[in-house]
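Worth saying up front: this structure is predicted, and the values here are computed from it rather than measured.
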Amino acid sequence: HHNGKQVHYDISSVNLDTSAQSSISFFKKFYPSNVGQYLYLVRTNFLGDMNIKNDSMMKKIVVDIGKDVFIEEILLSGGPKYYLGQTLKDIQVKVSNQGRDSMKGVQTKIDIFFQNKLIQSTNYHIDTFTPRSTKQIGFTVNCNLNKVGWYTAKAITYHSLDQNVSNDTLEQSFEVIVDRDFALLGIDSP
C-alpha cells in the first residue's frame, strides 16, 4: 500500500512439512513507481489453521531515489467534453521532481492523438528543477477539434539521467461530440 492505495498484489504457494519453515521472496516482482513510505502486508491462508492470530505481519519501508521526474496530472481547459469545431486552447501539465537531486534540462512534451494518429505535438524545456518540487506547465496548443470521437492527450517527460522511466508518461482522454445537428429524415411525395 502507498498513500492508502493498494499498488501491488502477489500470491505464492509453498508446501511445508510439520515444523518446517520456508522463505518466499516477493521483492523480485515489485517495482515501486513513486518515492515515499510503503506498507507491506503479508498474510498466510491455510484452511485448517488453528491459530490465525499469527498469520499476518506488516512492515513499512521507505523508497527514495536520486533523480526522477514524472507526470503527475494533465488538466484540459474546458474538458472533458468538447463540441465539434471547438478549439482546445491550452493544457496544463503538473510535473514533479520526486528525487533528492536537482535536475537540469528536463524535457516535457504533450502529444494529441485522434484515433491513434498524432495530430499535434508541443515541447517545453525546464532549465533547473529543484529536488522534491512540482511545476505546473502551461502548453498553448490551439488544437482545432474538427472530428467527432475520442482524442488522447499524452504527456511525456524525459531526462537522460532519470532513474525511473516507468512513471514518465500519462494519458488523458476526452470526447468531441456534435452540439447541433440537423438531419433530413425523409421526403414525402407531392
Side-chain angles (χ1 to χ4, degrees), residues 1-10 12 24-41 59-80 82 87-145 147 149-176:
H1 295 273
H2 179 64
N3 291 335
K5 295 179 183 173
Q6 182 175 323
V7 293
H8 182 73
Y9 179 78
D10 199 358
S12 285
I24 300 172
S25 177
F26 292 104
F27 290 102
K28 292 178 184 176
K29 299 175 185 177
F30 176 62
Y31 302 101
S33 59
N34 290 309
V35 300
Q37 190 175 51
Y38 287 80
L39 175 67
Y40 280 95
L41 175 61
K59 180 170 181 118
K60 291 180 183 179
I61 65 164
V62 175
V63 174
D64 197 14
I65 195 165
K67 297 183 184 307
D68 184 27
V69 291
F70 72 103
I71 304 294
E72 194 171 318
E73 189 176 14
I74 299 172
L75 302 164
L76 304 171
S77 63
Y82 295 85
T87 300
L88 173 60
K89 294 183 180 179
D90 62 25
I91 297 175
Q92 299 289 317
V93 176
K94 194 182 288 187
V95 182
S96 290
N97 177 2
Q98 68 175 346
R100 64 181 173 268
D101 299 334
S102 181
M103 297 179 76
K104 294 181 185 280
V106 174
Q107 299 293 325
T108 304
K109 180 169 85 164
I110 192 84
D111 291 335
I112 300 174
F113 295 88
F114 178 73
Q115 295 180 345
N116 295 326
K117 291 180 183 174
L118 180 66
I119 59 171
Q120 188 163 348
S121 185
T122 307
N123 295 310
Y124 187 85
H125 178 86
I126 302 172
D127 289 329
T128 303
F129 209 163
T130 58
R132 313 263 195 242
S133 65
T134 300
K135 292 185 183 278
Q136 187 155 325
I137 302 169
F139 289 90
T140 303
V141 291
N142 289 324
C143 182
N144 188 15
L145 306 172
K147 294 180 182 170
W150 284 93
Y151 290 71
T152 302
K154 183 176 185 179
I156 304 163
T157 188
Y158 172 79
H159 192 278
S160 61
L161 300 177
D162 195 331
Q163 295 171 312
N164 181 13
V165 296
S166 65
N167 58 7
D168 287 355
T169 60
L170 188 66
E171 293 181 358
Q172 176 73 39
S173 295
F174 60 95
E175 186 178 17
V176 174

**Request:** State, with a plain yes or no, whether a side-chain heavy atom of Ile71 is found less than 4.5 Å away from one of Thr108.
**Result:**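 Yes - at least one pair of side-chain heavy atoms lies under 4.5 Å apart.
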
Taking every non-hydrogen atom, the tightest pair across [X] and [Y]:
X	Y	answer
Thr157	Phe70	CG2-CA, 3.8 Å
Ala153	Ile91	CB-CD1, 4.1 Å
Ser102	Pro131	N-CG, 3.6 Å
Thr134	Ser96	OG1-OG, 2.9 Å

**Message:** Assess the residue pair Val95 and Tyr124 against the criterion (side-chain contact (heavy atoms from CB on, under 4.5 Å)); give the C-alpha distance rounded to whole Å, side-chain angles, the decisive distance to 0.1 Å, and a yes or no.
**Reply:** CA-CA 11 Å; Val95 182; Tyr124 187 85; over 6 Å; no

Going from [atom1] on [X] to [atom2] on [Y], what distance comes out if it is rounded to the nearest 0.5 angstrom?
X	Y	atom1	atom2	value
Gln136	Leu75	CD	CG	5.5 Å
His159	Ile126	NE2	CD1	10.0 Å
Lys67	Met103	NZ	CE	6.0 Å
Lys94	Glu72	NZ	CD	5.5 Å
Ile156	Asn123	CD1	CG	9.0 Å
Ile74	Ile137	CD1	CD1	11.5 Å

**Prompt:** Given Asn142 and Lys89, is the side-chain contact (heavy atoms from CB on, under 4.5 Å) satisfied, shown in steps?
**Reply:** CA-CA 4 Å; Asn142 289 324; Lys89 294 183 180 179; 4.0 Å; yes

**Prompt:** According to the salt bridge (charged side-chain N to carboxylate O under 4.0 Å, His left out) rule, which pairs have a member within residues 105-123, sequence neighbours left out?
**Reply:**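 Those involving residues 105-123 are Lys109-Asp111.
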
**With Gln98 via side chain to side chain donor-acceptor pair (under 3.5 Å) - residues at least two apart** = Asn34, Asp68

**Set of residues satisfying side chain to side chain donor-acceptor pair (under 3.5 Å) with respect to Gln107, sequence neighbours excluded** =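 Scan of Gln107 (side chain to side chain donor-acceptor pair (under 3.5 Å), adjacent residues dropped) gives His125.
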
**Item:** Non-neighbouring partners of Tyr38 that pass ring pair (Phe, Tyr, Trp, His ring centres under 6.0 Å), sequence neighbours left out
**Value:**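 Once residues adjacent in sequence are excluded, the partners of Tyr38 under the ring pair (Phe, Tyr, Trp, His ring centres under 6.0 Å) criterion are His2, Phe30.
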
**Request:** Could you tell me which residues satisfy side-chain contact (heavy atoms from CB on, under 4.5 Å) with Tyr151, sequence neighbours excluded, listed by chain and number?
**Result:** Ile112, Phe114, Ile119, Leu145, Asn146, Lys147, Phe174, Val176

**Results of side-chain contact (heavy atoms from CB on, under 4.5 Å) for Gln6 - residues two or more places apart only** = His1, Tyr9

For [Y], does its backbone N or O pair with a side-chain atom of [X] as donor and acceptor, under 3.5 Å?
X	Y	value
Gln120	Val141	yes
Glu171	Thr152	no
Asn97	Phe129	yes

**Request:** Using the side-chain contact (heavy atoms from CB on, under 4.5 Å) rule, take Thr122 and Thr140 through it: C-alpha gap first, then chi angles, then the decisive distance, then the call.
**Result:** CA-CA 8 Å; Thr122 307; Thr140 303; over 6 Å; no

**Item:** side-chain contact (heavy atoms from CB on, under 4.5 Å) evaluation trace for Arg100 with Val35
**Value:** CA-CA 10 Å; Arg100 64 181 173 268; Val35 300; over 6 Å; no

